[in-house]
Structure formats: C-alpha cells, structure tokens
Amino acid sequence: MDFVLWACRVVHIVSVVAWVGGLIFLNAVVKPIVEYDKASRSALNLKIQKQFLPFIWSSLWPLLVTGILLMLLSPRFLWFDYSTLWSKLLAAKQICFLLLLFFSWQVGKVLTQLEQAVTGDPDVFEGWWLAYSKLLKRSLVVAIVAILCSAGMMVV
C-alpha cells in the first residue's frame, strides 16, 4: 500500500508541475515576447497556444485519478465532513481543480475564436486575445491557490 501512495504522490506532483509550469511559461515567457514583437496574430503564435491545450489535458487526467486515489486512501478523509481544517482545504483544492478544468475548456473555445478572427477585424482579434490572456492569468492564480491548499493540508 505504501508503494501505491508513493506512486500516486509522485504522479500527482509531476502532473501539477507540468500544468502549472506550462501556465507560467505561457504567462511569463511566450505572452510577453509575442506582445513585444506584436506577433499575437501570427500563425506560429496560435500554433504554440493551441499545442499547449493537449498538454494541459494530458496532465489533467493523471492529476484527477491520483487526486481521487490520494483522497480515498487518506485516513483523514470522510465523505461530506467539513469539520476539520484539512477537509476544508481539500474542498478548496477540489473547487480549484474544477475551476481549472472549466478555464481550460474556455481556453479551447477562445483559441477557436482566435483562429477565426486572425483574418478578420483586428479589434475582434484583440478582444479575444485579451480574453485569452485573462483566462491564463486566472488559471495561474487558481493553480497557486490549489498549491497553497495542498501545502496547508501537509502542515495540518
């Protein structure tokens, strides 16, 4: 049983690092370069952004499965009991995961709109680009909150 817990923790942490690291890379490296070069409408930029989406989804499924296993195998976990700080942090972490799932789904929709708006009105494209940028920032903030909840669960 110890090996299963250890393997779940490793896969869970690697998935989080991949997902959050990718969000940080997009927010801190790709987006500023693209905006500085005024290349947000370039085909290469949209390919980079679109290629990131399957990366998110590929790290999402192991995160979901290992999170459920870690939750169920924890002796602290009781169904629908939010009387302890640990269970409240777990609930907050689960809400963060659902928000990240929703934001990732929205990113896919916005990227589709960005691809359609490339050849059209620049103002429409900029509006969708702004929405995309806000989604990335929101995702990063929610991911950091989830990481802080996890750290709190380890301390409590």
Side-chain angles (χ1 to χ4, degrees), residues 4-71 73-74 77 85-118 122-156:
V4 173
L5 282 173
W6 178 83
C8 283
R9 284 187 185 124
V10 168
V11 172
H12 199 73
I13 290 170
V14 167
S15 297
V16 168
V17 167
W19 194 350
V20 176
L23 286 172
I24 290 170
F25 179 74
L26 283 179
N27 276 306
V29 177
V30 174
K31 190 173 159 285
I33 291 171
V34 165
E35 289 178 353
Y36 179 77
D37 289 343
K38 300 187 184 349
S40 59
R41 291 178 68 117
S42 74
L44 178 61
N45 175 43
L46 290 177
K47 275 187 177 180
I48 291 170
Q49 307 297 336
K50 192 141 183 145
Q51 187 66 33
F52 182 64
L53 202 55
F55 179 74
I56 286 176
W57 289 103
S58 69
S59 62
L60 177 116
W61 294 112
L63 192 62
L64 176 66
V65 171
T66 57
I68 290 171
L69 284 173
L70 287 170
M71 177 182 70
L73 294 174
S74 173
F77 176 70
L85 180 58
W86 185 89
S87 59
K88 290 175 186 173
L89 289 170
L90 176 64
K93 187 176 161 186
Q94 291 168 342
I95 291 169
C96 287
F97 178 81
L98 292 174
L99 282 172
L100 285 168
L101 180 68
F102 179 69
F103 290 158
S104 298
W105 174 75
Q106 280 187 318
V107 163
K109 298 293 183 188
V110 170
L111 282 174
T112 302
Q113 294 297 325
L114 277 171
E115 284 182 325
Q116 294 173 357
V118 165
D123 290 335
V124 172
F125 181 86
E126 288 303 316
W128 284 111
W129 181 254
L130 181 62
Y132 177 75
S133 298
K134 285 182 180 180
L135 277 172
L136 286 181
K137 288 177 185 172
R138 287 178 188 156
S139 296
L140 191 55
V141 168
V142 171
I144 290 170
V145 169
I147 290 170
L148 291 174
C149 287
S150 296
M153 288 171 67
M154 293 302 292
V155 172
V156 174

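Worth saying up front: this structure is predicted, and the values here are computed from it rather than measured.
Separating the CG atom in Leu90 from the CG atom in Leu85 is a distance of 11.0 Å, to the nearest 0.5 Å. A distance of 10.5 Å separates SG in Cys149 from CD in Gln94, rounded to the nearest 0.5 Å. Note: Leu73 CG to Ile68 CD1 = 11.5 Å, rounded to the nearest 0.5 Å. Put simply, CD1 on Ile144 and CG on Leu148 are 7.5 Å apart, with the number rounded to the nearest 0.5 Å.
Considering every non-hydrogen atom in both Leu135 and Val110, the closest pair reads CD1-CG2, 3.8 Å. Across every non-hydrogen atom of Val107 and Leu53, the tightest pair is CG1-CD1, 3.9 Å. The minimum heavy-atom distance linking Gly152 with Leu89 is given by the pair C-CD1, 3.5 Å.
Here ring pair (Phe, Tyr, Trp, His ring centres under 6.0 Å) pairs that include residues 132-156, with residues two or more places apart or in two chains, are Trp129-Tyr132. Screening residues 133-148 for side-chain hydrogen bond (donor to acceptor under 3.5 Å, both in side chains) gives no qualifying pairs among residues at least two apart or on separate chains. For the salt bridge (charged side-chain N to carboxylate O under 4.0 Å, His left out) condition, no pair includes a residue of residues 87-103, sequence neighbours left out. The side-chain hydrogen bond (donor to acceptor under 3.5 Å, both in side chains) analysis of residues 96-110, with sequence neighbours excluded, yields no pairs. Screening residues 136-156 for ring pair (Phe, Tyr, Trp, His ring centres under 6.0 Å), with sequence neighbours left out, gives no hits.
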Evaluate the side chain to side chain contact (heavy atoms under 4.5 Å, CB included) criterion for residues Phe97 and Val142: first the C-alpha distance (whole Å), next the side-chain angles of each, then the deciding distance (0.1 Å), finally the verdict.
CA-CA 8 Å; Phe97 178 81; Val142 171; over 6 Å; no
Residue pair Trp57, Leu101: steps toward the side chain to side chain contact (heavy atoms under 4.5 Å, CB included) verdict:
CA-CA 9 Å; Trp57 289 103; Leu101 180 68; 3.4 Å; yes
Throw together a table of side-chain donor-acceptor distances under 3.5 angstrom for residues 8-25, partners on residues two or more places apart or in other chains.
unit_1	atom_1	unit_2	atom_2	d
His12	ND1	Leu63	O	3.4
His12	ND1	Thr66	OG1	2.8
His12	ND1	Gly67	N	3.4
Ser15	OG	Val11	O	2.9

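Trp128 places none of its side-chain heavy atoms less than 4.5 Å from the side chain of Leu111.
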